[in-house]
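See structure below.
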Amino acid sequence: MLDKQFNPATAEAEIFKKWQQNNLFAAQPQSGKPAFSIIIPPPNVTGVLHMGHALDNSIQDVLCRYKRMKGFDVLWQPGMDHAGIATQVVVEKLLAKEGKSRHDFGREKFIEKVWEWKEKSGGQIINQLKALGASCDWDRTRFTMDEGLSAAVRKIFVKMFKDGLIYKDKRLVNWDSKLQTAVSDLEVIQKETVGTMWYMNYPVENEPGRFITVATTRPETFFGDTAVAVSAEDERYKDIIGKNVILPIVNRPIPVVADEHADPEKGTGAVKITPAHDFNDFEVGRRHNLPMINILDVNARLNENVPAEFQGMDTMTARMKVLERIKELGLYVKEEPNPMTIPYGDRTGVVIEPYLTDQWFVDTKEIGRRALEAVEDGQVKMYPENMKNTYYEWMRNLQPWCISRQLWWGHQVPVWYGPDGHIFCEETELEAKIEATKHYGEETVLRRDSDVLDTWFSSGLWAFSTMGWPNENDEYLKRYYPTSVLVTGFDIIFFWVARMMMMSLYAMEEIPFKEICFHGLVRDEKGQKMSKSKNNGIDPLEMIAKYGADALRMSLLVQAGTGRDVLIGDSRVEAYRNFATKLWNSAKFCEMNDCKVAEDYHPAGVKLPMNAWIITKLSEAEKEISNAIETYSFNDATQTAYHFVWGVFCDWYLEMAKPVFYGDSETAKKETRSTMAFVFDKILGLLHPFMPFITEELWDKTAERSEMLMASNWPNVAEYENAVETRKVDWAINMVSAIRSVRSEMNISAGAKIKIRIQEATDEQRGLIGEFTQMISFLSRVEEIDFVTEPLKGAVSTVYDGMIIMIPLEGLIDVDKEKMRLTKEMDALSGFIERTLGQLANEAFVSKAPEKVINDKRASLAEAQDSMKKLQEAFDRIAGL
RNA sequence: GGGUGUGUAGCUCAGGUGGUUAGAGCGUUACGUUGACAUCGUAAAGGUCGCAAGUUCGAGUCUUGCCACUCCCACCA
């Protein structure tokens, strides 16, 4: 006996355990089945499940479950990212609570602390993914700091270094002064604001009274100025190019140089050049061999390269102080508001400073070109396709990738320095020492580079590092790489997708995945981005607790058209919880009516049209769902399934079955019981990828099964389709709808049994009505159907497929209401008739449109005119009362 | 500045290659019968398909222009 309702809170964990016990998640490399593989986008070890994960992993789970049922051997490779910055920040915060900093522990001890944290509190998200139903091969869970993955990182780094693709360079990078590390361009967020532009005068050397006015938004960088640039074409300044101006306060002479960077149209046409603190100025500095004076320390405070009174100031204080002094010197000109963007760190929210340091870079020119070509020539397909344009644009303007971070938690750069600074880049310290001994001719003390790598460097290797690489002979690597499809949000296309493409093509000489399915962002019910500041975040675990994982998955998937954003909120999830309940109740109906698949049952042999009909509808739904999943249109797939279950199976088939079950034909009952059970089983299969828990539960509770639903075959009933019977049942259904509509509009009480009289039915129609009398009567509460040759007085009428259907009401008719109803029906027709007559009278249309279109128009016109005539007659009859 | 989307019912969205009277879900309204389900059923109302031209016998669908909004990238002395 089925319970009154499904209780996800207790059932889901049990079901998940059973899947695990039956080892249904593990890939089966020896199975001989075709392989299908997905790597999970590794969530941060610090992460907790949010709606983005829920969507991303629901999609992957659908694909994996569907493919398994389709006969594939599936590897869904799970794992987590060590998330350098995020994790270090979490642990540092914990230490701060004890009043300590990482420096109190030192690097080694601190890293131990992080590992401790990871073992104790990290990776909660893994269990949360399980709550969602994710069918990953959990025993293969990997972590980007695992020994194997770390070995992969070292190997790639050394190889790239030796290939000249990784190099050290002193250049301007984005400096996060809170974390005291470099970050990549992608980790910087530009925010618009209105700042101020200040104008000030620099005296020209040896020409008393002459000044050059420069404009700046950052007066505090003033001490780093090493030139003023003007355009060579600018008449105002032509004569002082090559001369010096005096930098006020410090009275340092700096040259006036001609450079294309200076635009005569902008500002004053003269630009102060601060090579160590501005990306454009840096380039100008390189072009003119200007000194680069760094005036900031790692905390973004002014350093010893500025006059003592300014040292130690933060940039804002220094800015005001500089302006004050300029004013005192009488060199201040004016200021005006200036719209501008300011860079902030995406993790810390502090202002990012361009900062001159030694960093490690990846030369992306060559590997970027290959990654670009792999998409251009179609080796890697993207869904939706227009994501290619975004990818192309970025790949064609690739900048060197700054991969070093001045953190402790992460993959330490495998680089050692000799006493003279000579670089030894090897996978182990031992190898470095051996090389050093060779180089120096004696054993030498080496110092290891303290930098760690950008987290995305290791996640860039994820597609193959999780599969055993660098062991080229790993059976998983051989079998499941390249992976079948990558499922991810378009927000990390540059961070991760592009990097995986580059790194995989470099290391493996092969693409990491054949297809990429991009999905949109999850937003709240009103379509707003979820954020802490708006406090509109919705916790997937809360939704799962409230409505069940199946309901949450459905409500996400039902909107997951390729690339579209997904809106989530209580009312949406509730709707799919209701759907789950509907499914449960339909199972109860089956059980109550003793629906089981009889041993001698075969779907090809059904005799009742309604049974042939439901099998055909099932087949049509299956084809649509399969097709939609294969093209990543999860919205179509789920909507088709939803409509088939609720709108076809429950609303019509179960209702049609009732008169059969209450009737006295045992053969009809038997066939219908079997068919219903048969179709219901297939429904469980079709829904399983989307709603794995409730379907598995029903599968278990509705019959004795030799295997779990998850391990069963995807439904395929195409060979049992029966178009002829299906058309007949559809016709009867439409007739029921027509009768119901009249009843409802004429306020005939829902319970009342009515008689109907039909005029002008063809022989075929009479035959159909005869065949479906029981069903039509039951579903439209009709107790008597008769065919007549003369119209009835005192009846309400409608026209269906050319037949006049009349409901005699013997004086109870609300004449005005019936007149209104008929008028409304006729109005709808007359508009169409008029338009169509016009079209058919148009010679251009008749001569140019294809014959089929014209014939269809003529046919539907004739039908409409016929209905019109019959409705008009009904109207006239009623008007006479 | 470059790129990419979006604009269809109150809301959220479907609507290959142009062709009957433009659909769904939710919401709304009315009415609720029998024995799966009120987490339900039946029915109805609701749209000049962003605007304007153009191509065409015919445009939600194609072209051009415009308007509004989303997102991404770059720049901003």
Side-chain angles (χ1 to χ4, degrees), chain A residues 2 4-5 185 190 197 199 214-218 228-229 261-263 266-274 278-281 338-341 384 386-387 389-390 392-394 397 490-491 493-494 520-521 525-527 547 558-559 561 563-565 567 571-572 574-575 577-593 635-636 639 642-643 646-647 650-651 654-655 658 661-662 737 740-745 747-753 778-781 828-829 831-833 835-836 839 842-850 852-854 856-857 859-861 863-864:
Chain A
L2 282 173
K4 183 154 169 50
Q5 58 185 31
D185 296 344
Q190 305 286 345
M197 179 82 81
Y199 293 76
V214 296
T216 181
T217 55
R218 303 202 57 193
V228 168
H261 172 58
D263 181 349
K266 280 188 183 169
T268 62
V271 196
K272 70 196 258 313
I273 299 299
T274 322
D278 181 282
F279 289 100
N280 284 309
D281 293 3
N338 181 48
M340 57 193 288
T341 54
N386 60 34
M387 288 310 295
N389 293 322
T390 307
Y392 290 159
E393 210 199 318
W394 196 70
N397 297 293
F490 54 69
D491 49 328
I493 182 169
F494 307 135
L521 245 56
E525 216 145 10
K526 294 181 200 125
Y547 305 107
V558 84
Q559 300 177 77
R564 271 213 98 91
D565 284 348
L567 279 52
S571 71
R572 286 171 185 272
E574 206 182 320
R577 188 273 319 268
N578 294 354
F579 176 62
T581 305
K582 185 79 180 175
L583 180 71
W584 189 264
N585 281 315
S586 69
K588 270 167 49 184
F589 180 82
C590 294
E591 183 183 59
M592 210 170 267
N593 288 289
N635 55 335
D636 287 338
Q639 281 172 35
Y642 181 97
H643 177 256
W646 200 316
C650 291
D651 286 352
L654 298 193
E655 295 303 320
K658 285 175 185 175
F661 290 151
Y662 308 149
S737 292
R740 281 173 173 176
S741 179
V742 178
R743 287 183 65 122
S744 172
E745 283 189 52
N747 287 346
I748 298 171
S749 90
K753 297 236 176 190
F778 182 82
L779 293 181
S780 45
R781 306 254 332 139
L829 283 174
F832 170 71
I833 290 171
R835 264 193 310 278
T836 312
Q839 272 183 309
N842 181 346
E843 199 167 327
F845 172 72
V846 181
S847 61
K848 290 190 181 172
K852 180 173 183 329
V853 173
I854 296 170
D856 287 355
K857 282 260 195 236
S860 50
L861 174 66
E863 199 185 317

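Below, chains carry the letters A, B, ... as their sequence lines are ordered, and counting in each starts from 1.
Computed from coordinates, the Asp856(A) CG to rU20(B) P distance equals 9 Å when rounded to whole Å. Protein atom CD of Glu574(A) is 9 Å distant from nucleotide atom P of rC40(B), rounded to whole Å. Atom-to-atom, CD1 of Ile493(A) to P of rU4(B) comes out at 14 Å; the value is rounded to the nearest Å.
Residue order along RNA chain B, read from the 5' end via each residue's closest nucleotide, puts Cys590(A) first among Trp394(A) and Cys590(A). Mapped onto RNA chain B by nearest heavy atom, Ser737(A) and Asn338(A) fall at different nucleotides, with Ser737(A) at the one closer to the 5' end.
Distances from the side chain of Asn386(A) to the nucleotides rU21(B), rA36(B), rG5(B) place rG5(B) closest. The side chain of Lys582(A) has rC37(B) as its nearest neighbour among rC37(B), rA43(B), rC26(B). The side chain of Ala849(A) has rG19(B) as its nearest neighbour among rC40(B), rU34(B), rG19(B). Counting only heavy atoms from C-beta on, Lys857(A) has its side chain closest to rU20(B) among rU20(B), rG41(B), rG2(B). Taking every side-chain heavy atom of Lys588(A) into account, rA36(B) is the closest of rA36(B), rU4(B), rG19(B).
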Between Phe589(A) and Cys650(A), is the side-chain contact (heavy atoms from CB on, under 4.5 Å) condition met? List the steps.
CA-CA 10 Å; Phe589(A) 180 82; Cys650(A) 291; over 6 Å; no
Show, in sequence, the C-alpha distance, side-chain angles and deciding distance for Arg740(A) and Arg781(A), and conclude whether the side-chain contact (heavy atoms from CB on, under 4.5 Å) test is met.
CA-CA 9 Å; Arg740(A) 281 173 173 176; Arg781(A) 306 254 332 139; over 6 Å; no
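Of all nucleotides present, only rG25(B) satisfies the Watson-Crick or G-U wobble test against rC11(B), with each distance under 3.5 Å. Under the Watson-Crick or G-U wobble criterion, with both distances below 3.5 Å, rG1(B) is paired with rC73(B).
The ring of Phe832(A) lies on top of the base of rU21(B), close enough and flat enough: under 5.5 Å between centres, under 30° between planes.
Here Met387(A) lies out of heavy-atom contact (under 4.0 Å) with every strand. Within 4.0 Å (heavy atoms only), Pro384(A) reaches no atom of the nucleic acid at all. At the heavy-atom level, Leu521(A) lies nowhere under 4.0 Å from the strands shown. Counting any heavy atom pair closer than 4.0 Å across all strands shown, Ser860(A) reaches a base atom.
Under 3.5 Å, the side chains of Gln5(A) and Thr581(A) contain no donor-acceptor pair of N or O atoms.
Rounded to the nearest Å, the gap between the P atom of rU61(B) and that of rG7(B) is 12 Å. Between the C1' atoms of rA44(B) and rG35(B), the separation comes to 28 Å (whole Å).
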Scan nucleotides 29-33 of chain B against the protein and return all N/O pairs shorter than 3.5 Å with their distances rounded to 0.1 Å.
{"from": "rU33(B)", "atom 1": "O2", "to": "Ala750(A)", "atom 2": "O", "distance (Å)": "2.1"}
{"from": "rU33(B)", "atom 1": "O2", "to": "Gly751(A)", "atom 2": "N", "distance (Å)": "3.2"}

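Closest non-hydrogen pair, His261(A) versus Val271(A), comes out as NE2-CG1, 4.3 Å.
A donor N or O paired with an acceptor N or O is found under 3.5 Å between the base of rA36(B) and the side-chain atoms of Glu655(A).
With Arg572(A) contributing its side chain and Glu525(A) its backbone, the two residues share no donor-acceptor pair below 3.5 Å. The backbone N or O of Phe845(A) sits nowhere less than 3.5 Å from a side-chain atom of Gln839(A) that would complete a donor-acceptor pair. Panel note: side chain Asn338(A), backbone Met197(A); no donor-acceptor pair is recorded below 3.5 Å.
Residues Lys588(A) and Glu591(A) are not paired through a salt bridge, judged by the lack of any N-O separation under 4.0 Å between the basic side chain and the carboxylate.
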Walk along nucleotides 8-15 of chain B from 5' to 3' and tag each nucleotide B, S or - by protein heavy-atom contact under 4.0 Å, base first, then sugar-phosphate.
----SSS-
